[in-house]
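Predicted model, so just to flag it, every value in this text is computed and none were measured. First listed ligand is number 1; within each ligand, the first listed atom is number 1.
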Amino acid sequence: MIILGIESSCDETAASIIQDGTIILSSTIASQVDVHHKYGGVVPELASRMHIEAITTVVDKAIKKAGIEISDIDGVAATRGPGLIGALLVGFSFAKSFAFARHLPFAGVNHLEAHIYSLFLMDEKPDFPFIALVVSGGHTNIYYVTSYNNLELMGQTRDDAAGEAFDKVAKMLGLGYPGGHIIESLAKTNTSDTIKFPRTMLEKDSFDFSFSGLKSSVGRYIHDNSTGSKDEKAQIAASFQEAVIDVLSQKLINAALYKNCDSIGVSGGVSANKTFVGKLMEKAKAKKIKLFSPSVELCGDNAAMIAARGYTMIQQGSLCDLDHDVFSRSKIE
Ligand code: KG4
Ligand code: ZN
């Protein structure tokens with residue numbers, strides 16, 4: 001079964017062709033980062049317009065790269081939410097029209113579920129049940145995953161998402177947008193001692209997160225001490241990253257121990273951070289917990305994960321009608 005997947009929830013227009021739910025025949029992405037870069041974050045109206053400009057070319061490329069004909073496509077899936085409404089509407093409406101014109105089944109995919117599905121696109125897949133952390137620019141959610149369709153939200157951020165904190169700290173340090181990979185690279189050049197920034201763990205047994213205290217603490221440190229030197233920026237970046245990694249890892253392992261699970265999975269843009277995944281792997285190993293993470297192309301937003309989730313929805317007959325709409329916030333947030 002060949003599925004066309006489309007993703008347009010934020011600042012990436014992506015299309016992918018996958019076969020039988022797990023074989024990626026193509027995955028194309030048109031990133032808008034260069035446009036949003038100068039504004040220090042995503043400008044929703046610009047994002048919608050750029051999706052409109054890119055969508056046809058991106059889908060066309062995905063079909064050509066996969067080496068298939070349009071007539072080979074058996075089903076269509078697109079991100080339904082959560083995300084920016086104007087941006088979502090472009091991919092969702094395009095996919096809906098495509099499916100309608102070709103009489104194909106159409107699935108509207110939850111972006112957060114799809115990030116978890118990126119784990120099933122790897123050779124080594126987690127067995128159920130497992131604990132999943134979706135950690136991106138918009139979410140820091142911990143789920144107890146018992147089957148393809150059952151996710152129990154155990155915790156989420158009460159303020160900034162982890163990726164958002166990376167982006168805001170990068171902005172404070174004058175490093176540009178998006179900040180995650182810039183902070184990670186700069187942190188690697190740090191040779192001085194770390195600065196002890198706070199690790200907010202919240203109430204005992206809570207799996208929620210809060211990163212706004214850490215962000216403010218970094219802001220105060222920059223205001224009070226900063227000389228603006230590259231070395232000092234590296235020290236701040238490394239210390240901030242260390243604090244985020246500590247909290248994410250600790251909560252994730254606590255959640256696995258609480259649910260008696262021996263597998264955890266991380267996905268979403270921040271899971272592209274090798275320092276994070278490396279440290280989490282060490283901590284998990286010490287507790288005999290197995291860690292699963294996607295390859296770097298599947299960490300951030302992509303359409304292969306949308307097609308993978310769409311495949312199971314189409315198989316189960318969980319389809320969208322023509323009058324179904326997109327949503328900005330999800331019930332599983
Ligand atoms: O999943 P994603 O592409 O889009 C959302 O659904 O939000 O995640 C984007 C986020 C951004 O906040 C970006 O700074 C962060 O992922 N990110 C990273 C790294 N690469 C991307 N954060 C930390 N370290 C990285 N290497
Ligand atoms: Zn995402």
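- Nearest protein heavy-atom contact of atom 10 (C) of ligand 1 is Gly137 N, 3.4 Å.
- Proximity of His111 to ligand 1 is established by a heavy-atom distance of less than 4.0 Å.
- Ion pairing of Glu164 with Lys215 is absent here, as no side-chain N (NZ or NE/NH1/NH2) approaches a carboxylate O to less than 4.0 Å.
- The single protein non-hydrogen atom nearest to atom 21 (C) of ligand 1 is Gly269 O, 3.4 Å, given as residue, atom name and distance.
- The main-chain N or O of Phe130 is never found under 3.5 Å from a side-chain atom of Ser263 such that the two would form a donor-acceptor pair.
- Residues Gln250 and Asn254 have side chains that bring a donor and an acceptor to within less than 3.5 angstrom of each other.
- One side chain, Ser192 or Asn190, offers a donor N or O that lies under 3.5 Å from an acceptor on the other.
- Nearest to atom 3 (O) of ligand 1 among the protein's heavy atoms is Asp301 N, 3.1 Å.
- Within ligand 1, the atoms closer than 4.0 Å to a non-hydrogen atom of Gly300 are 1 (O), 3 (O), numbered from 1 in the order shown.
- Taking a cut-off of under 4.0 Å to the non-hydrogen atoms of Gly163, the atoms of ligand 1 that pass are 12 (O).
- Glu69 and Ser71 are not linked by any side-chain donor-acceptor pair at a separation below 3.5 angstrom, with hydrogens and angles left out of the test.
- Taking a 4.0 Å cut-off on heavy atoms, His115 registers as neighbouring ligand 1.
- Within the listing of ligand 1, atoms 7 (O) sit less than 4.0 angstrom from a heavy atom of Gly138.
- The protein heavy-atom contact nearest to atom 14 (O) of ligand 1 is Asp167 OD1, 2.7 Å.
- Applying the ring-ring contact (aromatic ring centres under 6.0 Å, His included) criterion to Phe197, with sequence neighbours excluded, gives Tyr221.
- Looking at Ser212 and Asp160, their side chains never bring a donor and an acceptor atom within 3.5 Å of each other.
- When each atom of ligand 1 is checked for a heavy atom of His181 under 4.0 Å away, the hits are 19 (C), 20 (N), 25 (C), 26 (N).
- With sequence neighbours excluded, the residues satisfying salt bridge (Lys or Arg N to Asp or Glu O under 4.0 Å) with Glu45 are Arg49.
- The single protein non-hydrogen atom nearest to atom 24 (N) of ligand 1 is Asn273 ND2, 3.0 Å, given as residue, atom name and distance.
- Contact check on Asp325 versus Lys96 returns no salt bridge, with no Lys/Arg side-chain nitrogen under 4.0 Å from an Asp/Glu carboxylate oxygen.
- Proximity of a side-chain donor or acceptor of Asp208 to a complementary backbone N or O of Gly155 within less than 3.5 Å is not detected.
- Counting only heavy atoms of the protein, atom 22 (N) of ligand 1 lies nearest to Gly180 CA, 3.3 Å.
- At a threshold of 4.5 Å between non-hydrogen side-chain atoms, the residues Met172 and Ile236 do not count as touching.
- Proximity of the aromatic rings of Tyr311 and Tyr117 is defined here by a centroid distance below 6.0 angstrom, and this criterion is not met.
- Legend: protein N/O/S atoms lying under 2.8 Å from the Zn ion (ligand 2), waters omitted, number 3.
- The hydrophobic cluster around Tyr177 extends to Val42, Leu84, counting ILVMFWY residues whose side-chain heavy atoms fall within less than 4.5 Å of a member.
- Protein heavy atom at the shortest distance from atom 26 (N) of ligand 1 is Glu184 OE1, 2.9 Å.
- In this structure, Cys10 has no heavy atom closer than 4.0 Å to ligand 1.
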